[in-house]
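Bear in mind the structure is a predicted one, so any value in this text is a computation, not a measurement. Letters A, B, ... are given to chains in the order of the sequence lines, protein chains preceding strands, and every chain is numbered from 1.
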There are 2 protein chains.
Amino acid sequence: MADPAHKDAPCMPCSVEATLNLIDGKWKIVILYKLLKGTLRFNEIRRLLPGVTQRMLTNQLRELEADGLITRTVYAQVPPRVEYNLSELGRSLEPILMAMKAWGDANLNRSLPAAEAA
Amino acid sequence: MADPAHKDAPCMPCSVEATLNLIDGKWKIVILYKLLKGTLRFNEIRRLLPGVTQRMLTNQLRELEADGLITRTVYAQVPPRVEYNLSELGRSLEPILMAMKAWGDANLNRSLPAAEAA
DNA sequence: CATCACGGTATCCTTTTCGACACTATGTGC
DNA sequence: GCACATAGTGTCGAAAAGGATACCGTGATG
């Protein structure tokens with residue numbers, strides 16, 4: 001049964017899978033994508049992502065920070081000001097993010113997905 | 001007007017998000033990645049992904065099929081034979097998959113290319 | 001006859017995820 | 001005095017994702 005083409009590895013380290021684990025939150029990719037364009041504050045991100053709750057946003061942001069993908073800068077001002085930026089590592093995800101955007105634009109931008117054909 | 005760079009849209013169609021929705025299963029990306037190399041049968045995939053159960057695999061495969069990313073070919077043989085392939089659409093995800101692999105290799109491959117079981 | 005392999009299904013259960021809502025602290029505006 | 005805005009935190013509970021296990025039909029194998 002030897003099938004050399006498929007013998008790459010029964011259980012490779014799976015960089016793909018590992019990468020996936022860093023960005024498995026539904027919002028993470030989008031957050032990173034938005035952050036690609038520059039610094040954003042907490043509420044700016046929130047307004048950019050309708051449907052996300054503070055709790056979720058905080059959570060995702062914290063995980064991204066813990067994974068070293070973004071940086072969080074707190075200014076000790078009276079109306080609290082917190083700025084989020086991509087880290088070097090986060091910025092290096094740009095090819096992936098852009099590839100996703102390009103794919104989405106090319107493949108499901110035709111007429112907007114929402115097809116519920118049951 | 002501050003920052004035109006951020007004025008892209010408060011709620012763009014989000015190709016990124018939409019793309020993400022197609023591949024949000026933990027195993028989907030990996031399945032697609034494996035399938036890049038060619039046709040695989042059900043149990044071949046299963047063996048390639050230790051830790052996935054039949055139920056999960058079936059599930060993910062069905063979703064991928066429903067999303068038009070893979071094709072499923074059933075041969076009416078006595079030991080049932082089912083082959084999975086990437087569709088055109090699925091194959092067009094290659095840049096994303098490869099970008100993920102490249103990123104993973106570059107950023108978290110520091111010391112784990114062992115994993116040679118069997 | 002019993003078992004195995006194939007490609008699943010079905011059922012049950014645990015874990016994780018996610019949403020809603022309330023609460024904090026503080027300086028400003030009304 | 002009160003509400004508002006910022007940037008969160010905490011708790012509760014529902015929903016979903018995912019895992020474990022058992023079962024199916026059949027034909028070849030032992």
Worksheet item: With the sugar-phosphate defined as primed atoms, P, OP1 and OP2, and the base as all remaining atoms, what B/S/- string results for nucleotides 18-27 of chain C, 5' to 3', for protein heavy atoms under 4.0 Å?
Response: BBB------S

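Note that the CG atom of Leu22(B) and the CD1 atom of Ile96(B) stand 9.5 Å from one another [nearest 0.5 Å]. Separating the CD1 atom in Ile23(A) from the CG atom in Leu20(B) is a distance of 7.5 Å, to the nearest 0.5 Å. Summarising the geometry, atom CG belonging to Leu86(B) is positioned 8.0 Å from atom CG belonging to Leu93(B); distances are rounded to the nearest 0.5 Å.
Distance Glu83(B) CD to dG7(C) P: 9 Å, rounded to the nearest Å. If you take CD of Glu44(B) and C1' of dG7(C), they are 13 Å apart, rounded to a whole angstrom. Across the protein-nucleic acid pair, Arg41(B) atom CZ and dG8(C) atom C1' stand 13 Å apart, rounded to whole Å. Rounded to a whole Å, the CZ atom of Arg46(B) is 11 Å from the P atom of dG8(C).
For Arg72(A), the side chain to side chain donor-acceptor pair (under 3.5 Å) criterion is met by Tyr84(A), not counting sequence neighbours. Taking Gln77(A) as the reference, Tyr75(A), Pro79(A), Arg81(A) meet the side-chain contact (heavy atoms from CB on, under 4.5 Å) condition, with sequence neighbours excluded. Partners of Asn85(B) by side chain to side chain donor-acceptor pair (under 3.5 Å), not counting sequence neighbours, listed by chain and number: Thr39(B). Every residue meeting the side chain to side chain donor-acceptor pair (under 3.5 Å) condition with Arg46(B), not counting sequence neighbours, appears here in chain and number order: Asn43(B). For Thr53(B), there are no side chain to side chain donor-acceptor pair (under 3.5 Å) partners two or more places apart in sequence or in a different chain.
Scanning DNA chain D 5' to 3' for nucleotides with an atom closer than 4.0 angstrom to a non-hydrogen atom of chain B gives a first and last hit of dG18(D) to dG27(D).
Taken together through direct or relayed side-chain contacts under 4.5 Å among Ile, Leu, Val, Met, Phe, Trp and Tyr, Val78(B) and Val82(B) form parts of separate hydrophobic clusters.
For the helix from dC1(C)-dG30(D) to dC30(C)-dG1(D), the axis fitted to the five pairs at one end and the axis fitted to the five pairs at the other end meet at an angle of 20° (nearest 10 degrees).
Heavy-atom distances under 4.0 Å link DNA chain C to Arg62(B), Arg72(B) of residues 62-74 of chain B, given in residue order.
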Donor-acceptor pairs under 3.5 angstrom involving side-chain atoms of residues 54-69 of chain B: please list them, not counting sequence neighbours.
from, atom 1, to, atom 2, distance (Å)
Thr58(B), OG1, Gln54(B), O, 2.8
Gln60(B), OE1, Lys28(B), N, 3.4
Glu63(B), OE1, Lys28(B), NZ, 2.7

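Contacts classified as side chain to side chain donor-acceptor pair (under 3.5 Å) and involving residues 89-99 of chain B (residues at least two apart or in different chains) are given here: Trp103(A)-Ser92(B).
In this structure, Ser87(B) and Thr71(B) approach most closely via the heavy-atom pair CB-CG2, 4.0 Å. A pairwise comparison of heavy atoms in Arg41(A) and Pro80(A) identifies NH2-O, 3.5 Å as the closest pair.
Nucleic acid contact for Tyr75(A): none, since no nucleic acid atom lies under 4.0 Å from a heavy atom of the residue.
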